[in-house]
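One structure is given here, and the rest of the page talks about it.
Just so it is clear: chains get the letters A, B, ... in the order the sequence lines come, proteins before strands, and each one is counted from 1.
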Protein chains: 2
Amino acid sequence: MASSCFADHLGDFVALTPTERDAIHRLEERERILRRTGILVRENDRAGELFILKRGMMMSYVLLDDGSRQILRFLFPGDMMGVASIAYALSPETIVALTDCTVCPFECGALAQLMTEHPRLGAAIMVLHQMERVSLTDRLVGLGRTSAKVRVASLLLELRNRMRRFDPEIGSSFVLGLTQEEIGDATGLTAVHVNRMLRQLEDDGLIGRENGRVLFRDEVRLARAANYVDRFEGLDLSWLPAAR
Amino acid sequence: MASSCFADHLGDFVALTPTERDAIHRLEERERILRRTGILVRENDRAGELFILKRGMMMSYVLLDDGSRQILRFLFPGDMMGVASIAYALSPETIVALTDCTVCPFECGALAQLMTEHPRLGAAIMVLHQMERVSLTDRLVGLGRTSAKVRVASLLLELRNRMRRFDPEIGSSFVLGLTQEEIGDATGLTAVHVNRMLRQLEDDGLIGRENGRVLFRDEVRLARAANYVDRFEGLDLSWLPAAR
DNA sequence: CGCAAATTTGAACGTAGTCAACAAGTGTGG
DNA sequence: CCACACTTGTTGACTACGTTCAAATTTGCG
């Protein structure tokens, strides 16, 4: 049986037929290894490909004229990346590896074929995109209307939950794998202030820290403080068309 | 010939066949009138429908526990709304009318049918969603990494450009149709500070104002100051499958 | 071990928020 | 037609959250 990272991810929400799994697997025929800090796609470079992240952790970001950076999204195994290239000739964002990674590049045409031959998969992919869009609006709300402490707490929760999806071993303690500067670029803060917020969360008894490892000391209170919503819950996919 | 707002919008990017137009038109069979301030969908209400905005201006927003509001998106004729309901049982956002509006509700199932019978339209809709997603990341970058003045200038430009798409009459002067509080809730600022930023933009000679009407005095300099990118440009849809 | 990157802390500063008062505009009912 | 209430816009004074700058310390890696 051909294994597919994306099919596994999708399969968490939709029961896939063997034929569908097979079709998805064709998106992952090629493989590319990327070292830590390796750039997969550069902002404003020509972008004709999409990717499935198979192994490792990546992120996408935008650089501004003044040199500041806004991290848009952290990427985990099973995530589809560079999807903007279905619309734009040039990539609107940079995608870079945070750890050593394996990615599977495929052409827009392969997506077209998949959607044509398997409308239900096309619909399911659209669902994934919407989930991602809603997560993005959650972050928008965070940046626009919540305090620094809440934003940092919220990011910690989100990262832990996303990691746990493909590594169920992870409990209330996990390795963050981000510098404080990266946390800042994701939450719209400076590295210095991120440091202070982490200290406060620690002093509040909400988290513990030791060399890159974060421990949730009171997850309920932390989630409440971060007004965090898990967007992998509350799904309703009953409308999907029949498998072909 | 059946007219369809959504088909017109989509038709700006993709040459639609009469059959395709017809299929899209079936999404707009029903119509619903909404008065100004009328709520179409309420956050956390059961959400099984999508909508096409046919006439008027709407917005979507999220309310926080402390009563503050983050506006996510402004909606114009041809926009598809409430798409999150293809993924979630409950709506993650509220959608409300800013002017008297006409909307066309349709079921998730109608979308499923459309994607099955017309894969190319499914792909084209996916492209629209990606364009919207990129706009959202633009706003995320704005909130995370730009000053209050830049955010306000950027919003003005975006609103004018979106209005101009369906009303080519609009030039460097237009009616905003938003209160300063609404501008603030979209840009993550207080109404008071929005007022000061508008005054500064005016004092800088970038804009003029008189009772709700905004005038761009120096659009080039304004766009540069707002590091604004028009996401209706730079498209490449050559990969779309053949029309059926 | 030695060096560069990352973290930590303090002090001063500045952008945006808060609070308050007033003006201007809008709609309603007497 | 006017009086009144209510929303929206405007400005000033003060506050506070987060930034900037700088320096010390720790960590991780070659």
Side-chain angles (χ1 to χ4, degrees), chain A residues 35-37 59 64 66-71 96 98-100 142-156 175-204 207-215 225, chain B residues 35-37 59 64 66-71 96 98-100 142-156 175-204 207-215 225:
Chain A
R35 301 245 163 246
R36 200 172 82 80
T37 74
M59 66 173 176
L64 284 83
D66 65 358
S68 64
R69 173 176 71 169
Q70 177 64 49
I71 294 175
V96 63
L98 287 164
T99 65
D100 293 351
L143 286 186
R145 289 294 184 220
T146 72
S147 69
K149 188 149 80 165
V150 169
R151 281 184 250 172
V152 172
S154 188
L155 183 69
L156 294 181
V175 176
L176 193 52
L178 296 179
T179 65
Q180 293 180 2
E181 179 154 20
E182 285 160 346
I183 300 175
D185 286 345
T187 53
L189 301 168
T190 58
V192 172
H193 204 59
V194 167
N195 184 280
R196 287 194 249 262
M197 294 303 101
L198 287 171
R199 163 144 305 292
Q200 277 197 32
L201 289 170
E202 197 170 12
D203 292 346
D204 292 352
I207 64 168
R209 293 182 297 153
E210 40 179 317
N211 37 332
R213 189 164 265 284
V214 175
L215 166 70
Chain B
R35 300 245 163 247
R36 199 172 85 81
T37 74
M59 66 173 176
L64 283 83
D66 66 356
S68 63
R69 173 177 69 169
Q70 177 65 50
I71 294 176
V96 62
L98 286 165
T99 65
D100 292 352
L143 286 187
R145 288 298 185 216
T146 73
S147 69
K149 189 149 80 165
V150 169
R151 281 183 252 171
V152 172
S154 189
L155 183 69
L156 294 180
V175 176
L176 192 51
L178 295 179
T179 65
Q180 293 180 359
E181 180 153 20
E182 284 160 346
I183 299 175
D185 285 345
T187 53
L189 302 169
T190 57
V192 173
H193 204 59
V194 167
N195 183 281
R196 287 194 253 261
M197 294 304 101
L198 287 170
R199 164 145 307 289
Q200 276 196 34
L201 289 171
E202 196 170 14
D203 292 346
D204 293 351
I207 65 167
R209 292 184 296 154
E210 41 178 320
N211 37 332
R213 188 165 266 283
V214 175
L215 166 69

Charged N to carboxylate O under 4.0 angstrom, B:Arg36 versus B:Asp100? no
Let me know the distance between [atom1] of [X] and [atom2] of [N], rounded to the nearest Å.
X	N	atom1	atom2	answer
A:Gln180	D:dT26	CD	P	15 Å
B:Glu181	D:dT10	CD	C1'	15 Å
A:Arg35	D:dC29	CZ	C1'	16 Å
A:Leu178	D:dT27	CG	C1'	17 Å
A:Leu198	D:dT26	CG	P	18 Å

Roughly how far, to the nearest 0.5 Å, is the [atom2] atom of [Y] from the [atom1] atom of [X]?
X	Y	atom1	atom2	result
B:His193	B:Leu198	NE2	CG	10.5 Å
A:Asn195	A:Thr190	CG	OG1	9.5 Å
A:Gln180	A:Met197	CD	CE	11.5 Å
A:Leu64	A:Arg69	CG	CZ	12.0 Å
A:Glu182	A:Leu176	CD	CG	9.0 Å
B:Glu202	B:Leu215	CD	CG	9.5 Å

N/O donor-acceptor pair under 3.5 Å between B:Gln70 side chain and B:Ala186 backbone: yes
I'd like to know if the side chain of B:Arg151 and the backbone of B:Thr187 have a donor-acceptor N/O pair within less than 3.5 Å. yes
Phosphate-side-chain proximity, B:Asn195 and D:dT10, N/O vs OP1/OP2 below 4.0 Å: yes
Let me test you: for the helix from C:dC1-D:dG30 to C:dG30-D:dC1, what is the angle between the axes at its two ends (five pairs each), rounded to 10 degrees? 40°
Test salt bridge (charged side-chain N to carboxylate O under 4.0 Å, His left out) on B:Arg145 and A:Asp185 and set out the steps. CA-CA 8 Å; B:Arg145 288 298 185 216; A:Asp185 286 345; 2.6 Å; yes
One pair to check against side chain to side chain contact (heavy atoms under 4.5 Å, CB included): B:Lys149 and B:Asp204. What are the steps and the verdict? CA-CA 11 Å; B:Lys149 189 149 80 165; B:Asp204 293 351; 2.7 Å; yes
Under 4.0 Å protein heavy-atom contact, by nucleotide of nucleotides 15-21 of chain D - B base, S sugar-phosphate only: ---BBBB
At a heavy-atom distance below 4.0 Å, which nucleotide of DNA chain C is the first touched by chain B, and which is the last? C:dA16 to C:dC19
